[in-house]
Amino acid sequence: MAKKINRRDFIRGMVGTGLSLTALNGLSFLSSCAGTPHNPYNAQGLPVSYLGNTGVLIPRIVLGLGSRFCHIESEDESEEMLNYALDNGFYYWDTAHIYDNSIAAPPGKSKSSKHIISEERVGKVIRYRRKEVFLSTKVTAREPSEAMKQIELSLKRLHTDKLDMLKIHDVSSLEDVDQMSRPGHLIDIVHRLKEEGVTRFIGYSGHSNAEAMKEMTKRGNFDSMLIAMNHWNRGNDPQPREEVAIPAALAKDMGVLLMKAIRPKETIPDINIEDLVRYALCLKGPHAVVIGMDSMDVVKSNLNILRNFTELSPEEMRELANVLKPFYRSENLPWMQKNYTDGNWEL
């Protein structure tokens with residue numbers, strides 16, 4: 001009788017053997033339980049939407065756990081925030097292998113002497129509330145064996161042997177897409193991990209190149225796309241991501257999440273943060289918005305926005321779009337530069 005191999009052994013084996021994907025066809029693992037009409041999560045009455053073809057209902061706002069979250073100094077405060085968010089319906093948690101506090105502190109935050117890693121903080125709550133959370137993380141490395149090491153470490157940090165969503169992090173160019181598309185590389189890896197039950201669903205994220213994000217829809221059977229809004233820009237080349245990439249994802253019935261919804265608050269004086277969130281929620285097509293949260297007050301504010309959500313009128317949408325136009329051309333902030341990596345003040 002063949003020895004039964006669990007998911008953790010599967011990943012360790014792939015790392016140790018140099019990632020021979022084709023040799024794994026004969027292995028038997030638990031199958032992925034893709035969407036069901038029954039929602040096992042509790043949105044506590046918050047507005048929800050189906051995440052594309054997954055069959056999973058998610059709150060219209062996702063709990064973003066990037067570097068802002070990692071700049072909460074107190075471990076007790078961060079754990080209290082996570083539990084409060086979950087108790088009040090924010091059960092989709094978005095983190096990544098790379099999210100930590102190693103970058104400069106965001107506005108209003110102080111640089112800690114401690115190295116704070118998002119997945120480790122999240123794992124402290126996941127270990128006793130795993131079934132209540134739709135858990136998403138991201139892999140950054142492109143080299144196959146290094147990518148597998150990151151995924152293994154992410155599972156260890158998160159105290160789980162199975163993810164709900166595994167995303168390829170920060171798709172940046174068509175050249176990047178071509179590299180990931182090579183046999184045995186990252187696109188093959190995440191599809192294999194879904195087949196073998198290490199993750200229920202797979203996706204990718206990106207900030208810059210609209211055509212690269214669109215091309216990814218053709219390179220695999222992805223379940224979700226996490227994409228920066230149009231006002232996110234790297235230099236003087238505004239990208240029509242909402243017009244180019246999002247329709248391509250929706251045509252394949254993928255779930256679409258928006259990010260960078262409230263970044264303009266750092267640049268445009270007196271802009272209303274609630275209006276920015278409502279603007280993102282009113283855009284047609286995306287299923288939810290990822291908002292970086294770094295305090296109990298921010299969680300409560302976003303809960304209030306969602307509980308009392310009303311659509312902006314077409315006139316209000318046009319007015320906000322006009323206010324955001326100068327933001328497209330901003331080059332004076334570090335997160336507008338080419339060396340920026342997702343998780344740096346994720347909003």
Side-chain angles (χ1 to χ4, degrees), residues 41-44 46 59 61-138 140 150 153-160 163-165 169 226 259-263 265-266 273-274 276-277 289-307 333-335 340-347:
Y41 309 105
N42 190 346
Q44 302 292 342
L46 296 177
I61 291 179
V62 169
L63 189 69
L65 301 170
S67 67
R68 285 188 180 270
F69 170 70
C70 292
H71 280 87
I72 300 174
E73 178 70 20
S74 166
E75 294 295 325
D76 289 342
E77 182 182 346
S78 67
E79 188 167 345
E80 182 183 13
M81 190 201 89
L82 289 172
N83 279 298
Y84 183 87
L86 186 54
D87 289 341
N88 285 275
F90 283 153
Y91 57 76
Y92 189 132
W93 292 6
D94 180 83
T95 185
H97 181 87
I98 200 173
Y99 289 171
D100 64 14
N101 67 333
S102 60
I103 62 162
K109 296 292 182 181
S110 299
K111 182 70 173 177
S112 175
S113 59
K114 300 180 293 184
H115 185 204
I116 298 171
I117 297 171
S118 175
E119 288 180 334
E120 291 182 350
R121 279 191 161 176
V122 170
K124 291 179 180 179
V125 176
I126 289 295
R127 66 193 310 168
Y128 59 88
R129 302 194 71 171
R130 177 66 186 93
K131 293 182 180 179
E132 300 173 70
V133 176
F134 186 93
L135 182 61
S136 175
T137 195
K138 310 180 192 77
T140 305
Q150 285 190 358
L153 181 55
S154 290
L155 292 172
K156 182 179 179 180
R157 290 169 170 174
L158 292 166
H159 294 280
T160 187
L163 300 165
D164 294 298
M165 181 72 70
H169 200 183
L226 171 60
M259 59 177 165
K260 313 306 177 190
I262 64 172
R263 274 299 174 74
K265 80 183 184 72
E266 309 290 354
I273 296 175
E274 180 177 343
L276 290 172
V277 177
V289 182
V290 180
I291 304 291
M293 303 193 205
D294 58 6
S295 71
M296 192 77 78
D297 287 343
V298 172
V299 171
K300 289 178 179 178
S301 175
N302 283 295
L303 285 167
N304 185 62
I305 291 171
L306 204 51
R307 286 168 180 157
L333 294 174
W335 44 266
Y340 176 88
T341 303
D342 185 27
N344 300 359
W345 315 353
E346 180 189 301
L347 293 170

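All values below were derived from every heavy atom in this structure, side-chain atoms included, with hydrogens, water molecules and symmetry-related copies excluded. Starting from 1, each residue takes its place in the sequence as its number.
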Next on the checklist: A side-chain contact here means heavy atoms from C-beta on lying under 4.5 Å apart; do Leu63 and Leu82 qualify?
Outcome noted: yes
Checklist outcome for this item: Across all chains, not counting sequence neighbours, the ring-ring contact (aromatic ring centres under 6.0 Å, His included) partners of Phe69 are none
Item to check | From CA spacing to verdict: side-chain contact (heavy atoms from CB on, under 4.5 Å), Glu75, Arg121 | outcome: CA-CA 8 Å; Glu75 294 295 325; Arg121 279 191 161 176; 3.2 Å; yes
Checklist outcome for this item: Taking every heavy atom of His159 against every heavy atom of Gly123, the minimum-distance pair comes out as CD2-O, 3.3 Å
Checklist outcome for this item: For Glu80, the side chain to side chain donor-acceptor pair (under 3.5 Å) test, sequence neighbours excluded, returns none
Item to check | Closest heavy-atom pair and its distance - Leu65, Ser118 | outcome: O-OG, 2.7 Å
Item to check | CG-CG distance between Leu153 and Leu158, expressed to the nearest 0.5 angstrom | outcome: 9.0 Å
Item to check | Taking every non-hydrogen atom, the tightest pair across Ile291 and Ala261 | outcome: CD1-CB, 4.1 Å
Next on the checklist: Under the salt bridge (charged side-chain N to carboxylate O under 4.0 Å, His left out) definition, can you give me all pairs with a residue in residues 125-135, not counting sequence neighbours?
Outcome noted: Asp87-Arg129, Arg129-Glu132, Arg130-Asp164
Checklist entry - Does NZ or CZ of Lys300 fall inside the cone over Tyr84's six-membered ring, less than 6.0 Å from its centre and within 45° of the axis? => result yes
Checklist entry - Which is it for Val122 and Arg157 under the side-chain contact (heavy atoms from CB on, under 4.5 Å) test, yes or no, and what are the steps along the way? => result CA-CA 8 Å; Val122 170; Arg157 290 169 170 174; over 6 Å; no
Next on the checklist: Is the shortest side-chain heavy-atom distance between Val277 and Val289 below 4.5 Å?
Outcome noted: no
Next on the checklist: Taking the ring centre of each residue, are Phe134 and Tyr91 less than 6.0 Å apart?
Outcome noted: no
Item to check | Note, Asp94 side chain near Lys138 side chain (heavy atom, < 4.5 Å) | outcome: yes
Next on the checklist: Taking the side chain as everything from C-beta on, heavy atoms only, tell me whether Met165 gets closer than 4.5 Å to Leu135.
Outcome noted: no
Checklist entry - Okay, side chain of Ser78, backbone of Ile72: is any donor-acceptor separation there less than 3.5 Å? => result no
Item to check | Donor-acceptor side-chain pairing of His97 and Ser154 below 3.5 angstrom | outcome: yes
Item to check | Side chain Ser301, main chain Asp297, donor-acceptor under 3.5 Å | outcome: no
Checklist entry - Are Glu73 and Lys114 close enough, and set up right, to give a side-chain contact (heavy atoms from CB on, under 4.5 Å), and what steps lead you there? => result CA-CA 8 Å; Glu73 178 70 20; Lys114 300 180 293 184; 3.4 Å; yes
Next on the checklist: I need the Glu274 CD to Leu276 CG distance, nearest 0.5 Å.
Outcome noted: 10.0 Å
Item to check | Note, Leu226 side chain near Val62 side chain (heavy atom, < 4.5 Å) | outcome: no
Checklist entry - CZ of Arg307 to CD1 of Ile61: how many Å apart, nearest 0.5 Å? => result 11.0 Å
Next on the checklist: Do Asp294 and His71 pair up side chain to side chain, a donor and an acceptor below 3.5 Å, judged on atom types alone?
Outcome noted: no
Checklist entry - What is the distance from atom OG of Ser67 to atom CD1 of Ile116, rounded to the nearest 0.5 Å? => result 11.0 Å
